Participant: 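Let me begin by handing over the structure; questions about it come next.
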Amino acid sequence: MNTRILDIQSLDDAGRTAIAEAAAVLRRGGLVAFPTETVYGLGANALDPAAVEAIFAAKGRPADNPLIVHIADPTALTEIAREVPEEARALAVAFWPGPLTLVLPRHPRIPLVTTGGLDTVAVRMPDDPVALALIEAAGCPVAAPSANRSGRPSPTRAAHVAEDLDGRVDVILRAGDCRVGIESTVLDLTGPVPMVLRPGIVTPEEIAEVLGVPVELDPALCQTPGPGTPGPGTLESGTQVEEEATAPAPKAPGMKYAHYAPRAEMLILRGQEDAIRARMDEIRREREAMGQRVGTILFGAADYREAARDFFARLRELDGQEVDLILAGALDEGHSLGVAVMNRMLKSAGYHVIDL
Ligand code: TXA
Ligand code: MG
């Protein structure tokens with residue numbers, strides 16, 4: 001397949017023409033990668049089972065991992081979910097457009113292939129003018145996972161999408177870099193209590209404040225998978241992380257898969273910043289003496305948003321430099337934004353952590 005890259009500098013006439021072209025591709029069942037505020041998405045008409053199947057094929061994604069349906073207007077919720085609870089309406093008012101995904105009962109018009117066979121559906125309205133214009137012009141809800149090959153770091157720049165999907169999608173809409181940098185918070189509203197299935201930049205505290213009730217975190221998120229976890233280098237697309245019999249399965253099917261793996265070996269150092277720096281230098285010297293190349297990822301202690309924005313790009317950058325080892329400094333998991341970034345960092349490193 002010949003992938004067309006269409007540049008969008010702004011939503012002027014040229015930008016609108018590119019969006020109209022991409023929307024036509026979506027309407028005829030094609031695949032379009034597009035920017036959102038979180039990460040680039042790989043879109044198809046959510047109502048067209050064959051188009052949605054093409055997303056799974058292009059990504060190499062397991063069929064039981066459901067997609068998020070993107071809408072351009074909160075009123076479209078009633079066409080995606082068969083019931084829209086008051087909580088969902090309140091959260092949409094508070095956070096949409098924005099990086100919060102709601103899991104609700106599936107409307108019968110949403111094909112099961114879109115929801116990975118589940119009777120629930122994930123939906124969000126992204127906060128990006130290009131994404132919103134594209135969905136509007138397509139005139140249909142757009143199913144879109146992150147626009148990476150399954151198992152690879154999520155793409156926060158158009159160049160990352162091209163790296164993974166050139167030749168596998170019809171169109172890449174090339175706009176600026178994503179400003180959030182990690183994927184949306186996924187909140188399940190179909191259970192007895194609102195539950196975060198994937199942490200993101202919208203925190204449980206912010207959600208609880210709107211709902212006036214406590215919000216839980218999927219217990220599986222707080223647990224390190226068992227010793228069967230494949231290490232970096234052994235990760236294949238869709239490889240399922242084996243868990244100990246006692247570990248609960250995550251409620252978002254995607255959270256059980258190996259994820260975000262750089263090609264290099266990766267190790268997380270957890271402790272005080274000084275201790276992290278010292279140990280990083282020590283390990284670097286050891287490895288360099290062995291002829292290896294070492295890259296580091298270290299964010300300022302309180303720079304959670306910057307860490308979220310740059311983490312995936314940094315992984316891809318270090319892969320591009322063909323380092324053998326990536327050393328990353330842990331963020332504070334006492335902070336909800338730290339939890340969100342650490343969720344990705346731990347998966348990237350195959351849960352290899354040294355506590356200092
Ligand atoms: O920020 C984002 O959410 C990006 C942009 C493109 O919008 N999209 C994204 O999609 O990250 P994806 O497919 O990479 O991740 C979707 C996550 C997966 O962990 C999936 O298992 C979960 O949401 N999910 C989707 N539908 C679900 C459902 N009905 N029940 C539980 N989890 C669901
Ligand atoms: Mg993804």
Side-chain angles (χ1 to χ4, degrees), residues 38 64-69 74 77 80-96 98-106 115-125 145-146 154 180 182-226 229 240-241 243-257 259-260 270 304-305 307-308 330-347 351 353:
T38 57
D64 73 345
N65 191 359
L67 306 180
I68 295 172
V69 176
L77 248 185
I80 311 295
R82 78 175 172 268
E83 292 151 40
V84 181
E86 201 39 57
E87 290 90 339
R89 291 185 199 281
L91 291 170
V93 168
F95 296 108
W96 284 359
L100 176 66
T101 293
L102 302 176
V103 175
L104 297 168
R106 178 182 66 93
T115 64
L118 298 175
D119 203 28
T120 55
V121 61
V123 54
R124 86 174 186 106
M125 177 179 171
S146 48
S154 293
V180 174
I182 58 173
E183 311 87 337
S184 60
T185 304
V186 176
L187 181 74
D188 186 1
L189 289 175
T190 65
V193 286
M195 187 179 279
V196 170
L197 307 186
R198 180 174 70 182
I201 222 82
V202 175
T203 65
E205 294 82 5
E206 289 173 309
I207 297 168
E209 176 142 0
V210 171
L211 295 182
V213 295
V215 171
E216 290 186 4
L217 208 60
D218 182 352
L221 294 179
C222 312
Q223 218 136 354
T224 303
T229 308
Q240 201 162 335
V241 175
E243 281 164 37
E244 287 182 312
T246 51
K251 294 188 175 57
M255 299 298 279
K256 72 176 182 277
Y257 289 107
H259 253 97
Y260 313 136
R270 187 159 53 194
Y304 299 108
R305 282 176 191 276
L331 297 176
D332 179 7
E333 289 187 84
H335 192 291
S336 287
L337 297 182
V339 169
V341 179
M342 284 309 292
N343 173 265
R344 278 74 179 182
M345 194 185 281
L346 285 161
K347 288 181 182 208
Y351 299 90
V353 181

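Please read all numbers here as calculations on a predicted model, not as lab measurements. The first residue of the sequence shown is numbered 1, and numbering continues consecutively from there.
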Participant: Ignoring hydrogens and angles, tell me if any N or O in the side chain of Lys347 forms a donor-acceptor pair with the backbone of Met342 under 3.5 Å.
Facilitator: no
Participant: Hey, does Leu346 have a side-chain heavy atom less than 4.5 Å from the side chain of Val353?
Facilitator: yes
Participant: Flag the pair Pro194 / Leu211 as yes when at least one side-chain heavy-atom distance between them is below 4.5 Å, and no otherwise.
Facilitator: yes
Participant: Are Glu216 and Val196 side-chain neighbours, meaning at least one heavy-atom pair lies under 4.5 Å?
Facilitator: no
Participant: Should Phe95 and Glu206 count as side-chain neighbours, where that means a heavy-atom distance under 4.5 Å?
Facilitator: yes
Participant: Minimum heavy-atom separation for Pro74 and Met125, please, with both atom names.
Facilitator: CD-SD, 3.5 Å
Participant: For Leu104 and Pro85, work out which heavy atoms get closest and say how close.
Facilitator: CD2-CD, 3.7 Å
Participant: Check step by step if side chain to side chain contact (heavy atoms under 4.5 Å, CB included) holds for Leu337 and Ile201.
Facilitator: CA-CA 6 Å; Leu337 297 182; Ile201 222 82; 4.1 Å; yes
Participant: Trp96 vs Leu102, test: side chain to side chain contact (heavy atoms under 4.5 Å, CB included). Steps then yes/no.
Facilitator: CA-CA 11 Å; Trp96 284 359; Leu102 302 176; 3.9 Å; yes
Participant: So which of Val186, Leu189, Val121, Leu118 actually passes side chain to side chain contact (heavy atoms under 4.5 Å, CB included) with Val103?
Facilitator: Val186
Participant: Compare every heavy atom of Asp218 with every heavy atom of Ala252, then report the nearest pair and how far apart it is.
Facilitator: N-OD2, 4.4 Å
Participant: Please name the pair of heavy atoms, one in Ala88 and one in Val84, separated by the smallest distance, quoted to 0.1 Å.
Facilitator: CB-CG1, 4.0 Å
Participant: Please check if the side chain of Arg82 supplies one atom and the backbone of Arg106 the other of a donor-acceptor pair under 3.5 Å.
Facilitator: yes
Participant: Is there a donor-acceptor pair under 3.5 Å between the side chain of Asp64 and the backbone N or O of Gly116?
Facilitator: no
Participant: I want to check something: taking the side chain as every heavy atom from C-beta on, are Leu91 and Ile207 in contact at a cut-off of under 4.5 Å?
Facilitator: yes
Participant: Return the CG to CG distance between Asn343 and Leu331, rounded to the nearest 0.5 Å.
Facilitator: 12.0 Å
Participant: When you measure from the side chain of Asp188 to the backbone N and O of Met195, does any donor-acceptor pair fall under 3.5 Å?
Facilitator: no
Participant: Checking Glu86 now: which residues fulfil side-chain contact (heavy atoms from CB on, under 4.5 Å) with it, not counting sequence neighbours?
Facilitator: Arg89
Participant: Over all heavy atoms of both residues, which pair between Arg344 and Ser184 is shortest? Give the atoms and the distance, please.
Facilitator: NH2-O, 4.4 Å
Participant: Without swapping roles, check the side chain of Thr185 against the backbone of Leu100 for a donor-acceptor pair under 3.5 Å.
Facilitator: no
Participant: Do Glu183 and Ser146 have side-chain atoms, one donor and one acceptor, less than 3.5 Å apart?
Facilitator: no
Participant: If you compare all heavy atoms of Ile182 against all heavy atoms of Gly200, which two are closest, and at what distance to 0.1 Å?
Facilitator: CD1-CA, 4.2 Å
Participant: Flag the pair Val215 / Leu187 as yes when at least one side-chain heavy-atom distance between them is below 4.5 Å, and no otherwise.
Facilitator: yes
Participant: Apply side chain to side chain contact (heavy atoms under 4.5 Å, CB included) to Val123 and Leu77, showing your working.
Facilitator: CA-CA 8 Å; Val123 54; Leu77 248 185; 3.7 Å; yes
Participant: Does a donor on one side chain and an acceptor on the other come within less than 3.5 Å for Arg198 and Thr101?
Facilitator: no
Participant: Please answer whether the main-chain N or O of Ile68 pairs with a side-chain N or O of Arg124 as donor and acceptor at a distance below 3.5 Å.
Facilitator: no
Participant: Do Pro250 and Leu221 have side chains that get closer than 4.5 Å, going by heavy atoms?
Facilitator: no
Participant: Answer whether the closest heavy-atom distance between the side chains of Ser336 and Pro204 falls below 4.5 Å.
Facilitator: yes
